Chemist: 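Please find one structure pasted underneath; my questions will follow.
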Amino acid sequence: MSSTTRRSTEAGKTWLSETGFPIERVYSGPYGDDRLLGQPGQFPFTRHIYAAGYRDRPWAPSLYSGFGTPEDANKRFRYLLAQGNGRANVATDLPTQIGLDSDEPEAAGEVGRVGVAIDSLADFETMFEGVPLDRTPVSFNVNAVAPIFLAMLVATARRQGVELTQITGTMANDILHEYVARGTWRYPPQASLQLMAHVVEYATAEMPRFYPFNIRSILLHESGAHPGQEIGLTFAIACRYIDEVLARGLTIDEFAPRMSFFFGMGLHFLEEAAKFRAARRLWATLIRERYQTETPASLKLRITSVAPCGSHFTAADPELNLVRGTLGVLAGALGGVQAMLGTTIDEAFEIPTERTQELALRTQQIVALESDVCATVDPLGGSYFIESLTDAIEASAREEMERVGDSAGVVEAIAAGRPQADLAARAYELEKALNSGERPKVAQNVYVPEGGKPSLRLHEPEPGLSEQRAQALAELRTRRDANAVATSLQRVRDDASAGANLMPSLIEAVEAYTTLGELSRVLDGVFGHYRQPVEQ
Amino acid sequence: MQAKRSAAAAGLIGTRVLVAKPGLDGHDRGAKVIARLLRDEGCEVIYTGIRQRPAMIARAAIDENVAAIGLSVLSGAHLSLTRAVMEALAAEGGDDIKVVVGGTIPDADIPRLRELGVAAVFGVGSSLDDISCWFRQNFA
């Protein structure tokens, strides 16, 4: 064999982090100020929000599910809870998310597709049958209809004989992100911000264990944001929410401890772990400086993450996505998140089956129980590379926050489409890098398998769902007390016109079995409809 | 590479394309990427924004005199929404417009979309090269 000179794979390559920072070949100390790091459970919470980390409070697996009818969703929730899922994390269909009843023409084709179809309290009762609300945390990824959903949750708890003080879980209640991405808006921003505040006011007074916010930077990640953009725009939005709620007379310590966040993540798990650490430190610092509070509970950033975002999963050789899922769980665990959703291997094709959700759940359980990742708090703390990345991401996030106009200017920036344009530009660059192979994706642009790919058994949508749901609605409308419906709708209209908190009248209305669509149309009459600006 | 790209772009200059999001799905990352790609290829791209009704998409395509419509659906409602767009196009005399569909499309639905008259389907993982190639072959 002739000896040849080994060709360096380092030479000529630029090593960049996801945010775009140059990565050094090796990192050495000193890396900065120990005071910025602190100890777990202490300001600025870089290392963890709890002193004992996962030893005392493991993260909660929170698989997101729901499809078809409330009966279908109920069955899946109960199955997943029995397998160790930490909550019923409700995925609703698109008509529900924007306040349409299943029998409205715009809902055609979408009923029960990406989540469960909910039209009235009757559906909530079915969905949570055998799911006791005093013992099971429940989460809702709804925004435009958040007040109506909170009313249905309250009414369902009452029917189950559960005190409101016992309900745990989250309501996304995060409308501003919907104008940037995902698009399940209904009302114009100012009206939506009022509705957001109604939910927070009511939950703060009546439901002390419930989180009336789960603010979703994940939508930004999925639209192309890098870590600093994800944190920066989200914190500008979150501070806007805080300012709106404070303006209604609440104090920061009354509701900041009940804020939670839902982050995205990719497969660069070291940088993602650093992102969560940077986000915790920046949040604690911002809240302390801006809102003059020293209360630790108000300063702690509570993080739900997904493991990882669906956009990182491939259609090519989809079983490989299980490995990507493991990297995602590692990112969340090393970053110290409190709850994790799991992306399923069939993400590129369909909503998940029971089997693919089970695989995602077991991935989390294996990492938690069979590895040492939970044995010590913030195992990456003190790593030169991680601390350097944490510092750099925090600085980048501050810059992005300023770029989008901070809390005062963020609504206007979104209305002008500025953050959307930034994200679309980066998404295009990422796609070009995939196309050129500069960003490798195994089985998609490198090591592409010859011949056919293994096929998965996919979720099969139930035929005739729209008709079935329309029938159920027709029956509900004949069964309920028409006078109670009319009276309660009128009260909602009056309260909305008067600017009163809508929660009491919404609860009364849902208890009379008014539908989501009926309530949404009444509110249209007061608040109007949002029209998306035409994009160029 | 650069020269090849601009030569190809010359072939698509002036090709009018409507990129549309039918139904209620608001996941518009893919649609915007495609709009940018086709603009870089020289096309005149009109992007509708989200939540467009099939009839409005067909109307806009005919009014704007486009050669192709790119539909993007990630909600699983691609079959019914595409059927509605195809029917509206046929009813309005726009059957000469080529329709392509992208999004989260299960393999089994590709032949079903083709049966509806869809010219091409680009699911998750389709490369930018695949897509621009198809447009060059059909319109350059």
Side-chain angles (χ1 to χ4, degrees), chain A residues 67 93-95 97-98 100 105-114 178 181-185 219 222-224 310-311 313-316 346-351 420-421 423-425 427-428 430-432 434-436 441 443-445 453 455-456 458-461 466 531-536, chain B residues 1 5 19 21-40 44-56 60 73-85 103-110 122-133:
Chain A
F67 61 97
D93 69 5
L94 289 168
Q97 290 179 46
I98 61 180
L100 298 172
E106 293 92 329
E110 312 267 19
V111 175
R113 287 300 284 113
V114 297
E178 294 292 326
R182 193 165 173 273
T184 67
W185 33 258
L219 301 193
E222 288 286 46
S223 298
S311 59
F313 276 21
T314 59
D346 43 4
E347 172 76 16
F349 306 105
E350 255 297 352
I351 62 166
Q420 293 91 314
L423 300 183
Y428 187 38
L430 292 173
E431 201 57 47
K432 285 200 283 194
L434 275 176
N435 190 60
S436 67
K441 202 79 189 159
Q444 182 177 312
N445 65 7
K453 61 194 174 197
S455 65
L456 294 173
L458 296 178
H459 170 80
E460 286 172 24
S466 291
R531 294 268 169 252
Q532 192 185 29
V534 177
E535 293 181 51
Q536 289 312 318
Chain B
M1 185 65 209
R5 184 165 271 260
V19 174
K21 291 279 305 172
L24 306 179
D25 170 40
H27 295 88
D28 56 3
R29 174 180 178 161
K32 288 175 174 176
V33 163
I34 298 307
R36 281 170 189 253
L37 169 72
L38 294 177
R39 274 183 199 133
D40 279 1
E44 288 177 27
V45 180
I46 302 137
Y47 171 52
T48 62
I50 66 169
R51 289 208 215 163
Q52 301 299 308
R53 292 184 193 188
M56 291 159 59
V73 187
L74 285 81
S75 71
H78 46 273
L79 288 174
S80 60
L81 291 167
T82 304
R83 184 180 299 114
V85 171
T104 46
I105 315 288
D107 292 347
D109 286 348
I110 296 173
F122 296 103
V124 176
S126 304
S127 72
L128 296 180
D129 282 348
D130 293 343
I131 295 165
S132 43
C133 232

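In what follows, chains are A, B, ... by sequence order, proteins preceding strands, each numbered from 1. Source: prediction; values computed, not measured. Side-chain atoms are counted along with the backbone in the values below, which use heavy atoms only and exclude waters and symmetry mates.
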Chemist: In the structure I gave you, are the side-chain heavy atoms of B/K32 and A/L423 within less than 4.5 Å of one another anywhere?
Modeler: no
Chemist: By a 4.5 Å heavy-atom criterion (distance strictly below it), what part of B/L24 contacts chain A: side chain, backbone, both, or neither?
Modeler: both
Chemist: Donor-acceptor pair, distance only, cut-off 3.5 Å: does the side chain of A/E431 make one with the backbone of B/V33?
Modeler: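 Pair absent, no side-chain N/O of A/E431 close to backbone of B/V33.
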Chemist: Is the shortest side-chain heavy-atom distance between A/W185 and B/R51 below 4.5 Å?
Modeler: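 Yes; the side chains approach each other to less than 4.5 Å.
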Chemist: For B/I105 and A/F349, which heavy atoms make the closest approach, and how far apart are they?
Modeler: O-CD2, 4.0 Å
Chemist: Can you tell me which portion of A/E347 sits under 4.5 Å from chain B's heavy atoms? Options are side chain, backbone, both or neither.
Modeler: backbone
Chemist: Of all the heavy-atom pairs spanning A/E110 and B/A77, show the shortest one and how long it is.
Modeler: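 In terms of heavy atoms, the two residues are closest at OE1-CB, 3.5 Å.
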Chemist: Check whether A/R113 reaches the backbone of B/G76 with its side chain - one donor and one acceptor, N or O, closer than 3.5 Å.
Modeler: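 The answer is yes, because a donor-acceptor pair under 3.5 Å joins these two groups.
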Chemist: Measure distances from A/P95 to the heavy atoms of chain B and classify the residue's part below 4.5 Å as side chain, backbone, both or neither.
Modeler: both
Chemist: Among A/H459, A/K441, A/E106, single out the residue with the greatest number of heavy-atom pairs under 4.5 Å to chain B.
Modeler: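 Most pairs with chain B among the choices: A/E106.
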Chemist: Might you point out which heavy atoms bring B/P106 and A/E350 nearest each other, and give the distance in Å?
Modeler: CG-CG, 4.0 Å
Chemist: Would you mind checking which part of A/S436 comes under 4.5 Å of any heavy atom in chain B, side chain (CB onward), backbone (N, CA, C, O), both or neither?
Modeler: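 Nothing of A/S436, per the 4.5 Å heavy-atom cut-off to chain B.
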Chemist: Could you tell me which portion of B/T104 (side chain, backbone, both or neither) has an atom closer than 4.5 angstrom to a non-hydrogen atom of chain A?
Modeler: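 For B/T104, heavy atoms of backbone and side chain both lie under 4.5 Å from chain A.
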Chemist: Among A/L458, A/V114, A/I98, which has the most heavy-atom pairs under 4.5 Å with chain B?
Modeler: A/I98
Chemist: Between A/G109 and B/S80, which heavy-atom pair has the shortest distance, and what is it?
Modeler: CA-OG, 3.5 Å
Chemist: For chain B, which candidate among A/A108, A/A107, A/G183 shows the most heavy-atom pairs at distances under 4.5 Å?
Modeler: A/G183
Chemist: What are the two closest heavy atoms between A/A424 and B/R36, and how far apart are they?
Modeler: CB-NH2, 3.7 Å
Chemist: Tell me, side chain or backbone of B/D25 under 4.5 Å from chain A's heavy atoms, or both, or neither?
Modeler: both
Chemist: Heavy-atom cut-off 4.5 Å, strictly under: side chain, backbone, both or neither for A/L219 against chain B?
Modeler: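 No part of A/L219 comes within 4.5 Å of chain B.
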Chemist: Please confirm whether the backbone N or O of B/L128 pairs with a side-chain atom of A/N435, one donor and one acceptor, at under 3.5 Å?
Modeler: yes
Chemist: Hey, which of B/G123, B/S126, B/G103, B/S75 has the most heavy atom pairs under 4.5 Å with chain A?
Modeler: B/S75
Chemist: Does any backbone or side-chain atom of A/L434 lie under 4.5 Å from a heavy atom of chain B? Answer side chain, backbone, both or neither.
Modeler: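 Answer is neither: A/L434 stays 4.5 Å or more from chain B.
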Chemist: Rounded to the nearest 0.5 Å, what separation is found between the CD atom of B/Q52 and the CD atom of A/Q532?
Modeler: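 Output value for this atom pair is 8.0 Å.
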Chemist: Is the closest side-chain heavy-atom distance between B/V124 and A/F313 below 4.5 Å?
Modeler: no
Chemist: Would A/K432 and B/D40 count as a side-chain contact (heavy atoms from CB on, under 4.5 Å) here? Give the steps.
Modeler: CA-CA 12 Å; A/K432 285 200 283 194; B/D40 279 1; 4.2 Å; yes
